[in-house]
Amino acid sequence: MTTLRTIRKADLIGSARHIKNDHYETVRFLLAADEAGVTVTDIELAPHRKEIYGYEDHIEIAYCLTGKAEIFDLANQQPHLIEPGVLWVAPKGSKFEF
């Protein structure tokens, strides 16, 4: 990505970048294919689900707006409380569990 871009969530609803399943609902603003070097998603996790996530090709940066969750870093076996106002960064190759 080499130029300034604006992306509206409303424009992505119903597209291939809007995914809804039993685990989460997400709108993917930026993906690896966009060549921005990071992903940006709007995601709502389903309660009481545990899944392992991690990405080999990009950095994941997330910011919590509402709700609470615990994210567990599988590399160093450390839990992290995620709540409104918390940003976290998962480096390339990291694995974590919600």
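Evaluation of the salt bridge (Lys or Arg N to Asp or Glu O under 4.0 Å) rule for Lys50 yields no partner, not counting sequence neighbours. Scored by the salt bridge (Lys or Arg N to Asp or Glu O under 4.0 Å) test, Asp42 finds Lys9 as partners (sequence neighbours excluded). Residues passing the salt bridge (Lys or Arg N to Asp or Glu O under 4.0 Å) test with Lys92: none are found, sequence neighbours excluded. Taking Glu51 as the reference, His23 meet the side-chain hydrogen bond (donor to acceptor under 3.5 Å, both in side chains) condition, with sequence neighbours excluded. For Tyr55, the ring-ring contact (aromatic ring centres under 6.0 Å, His included) partners are His58, not counting sequence neighbours. Applying the salt bridge (Lys or Arg N to Asp or Glu O under 4.0 Å) test to Glu97 and every residue at least two apart in sequence or in another chain returns nothing.
The neighbour count for Lys20 NZ, taken as heavy atoms of other residues, nucleotides or ligands under 6.0 Å away, does not exceed 12.
Linking ILVMFWY residues whenever their side-chain heavy atoms come closer than 4.5 Å, directly or via other members, leaves Ile43 and Leu31 in distinct clusters. Linking Ile, Leu, Val, Met, Phe, Trp and Tyr whenever their side-chain heavy atoms come within less than 4.5 Å puts Val86 and Phe98 in one cluster. Put simply, Ile19 and Leu45 are part of the same group of oily side chains (I, L, V, M, F, W, Y) that touch within less than 4.5 Å, one to the next. Clustering ILVMFWY residues whenever any of their side-chain heavy atoms sit less than 4.5 angstrom apart, transitively, puts Leu81 in a cluster other than the one holding Tyr63. Connection of Tyr53 to Phe72 is not established within any shared hydrophobic cluster, with ILVMFWY side chains joined at heavy-atom distances below 4.5 Å, either directly or through further cluster members.
Side-chain contact between Ile59 and Val89 is present, with at least one heavy-atom pair separated by less than 4.5 Å. In this structure, His18 and Leu12 have side chains that are not in contact, with every pair of non-hydrogen atoms separated by 4.5 Å or more.
The CZ atom of Arg49 lies 8.0 Å from the CG atom of Asn21; values are rounded to the nearest 0.5 Å.
Counting all heavy atoms, side chain and backbone alike, Ile82 lies closest to Cys64 at CG2-CB, 3.6 Å. Between Ala90 and Phe96, the shortest heavy-atom distance links the atoms CB-CE2, 3.5 Å. Closest approach of Ala36 to Leu30, counting heavy atoms only: CB-CD1, 4.0 Å. What you find for Thr66 and Pro84 is that their closest heavy atoms are CA-CG, 3.9 Å.
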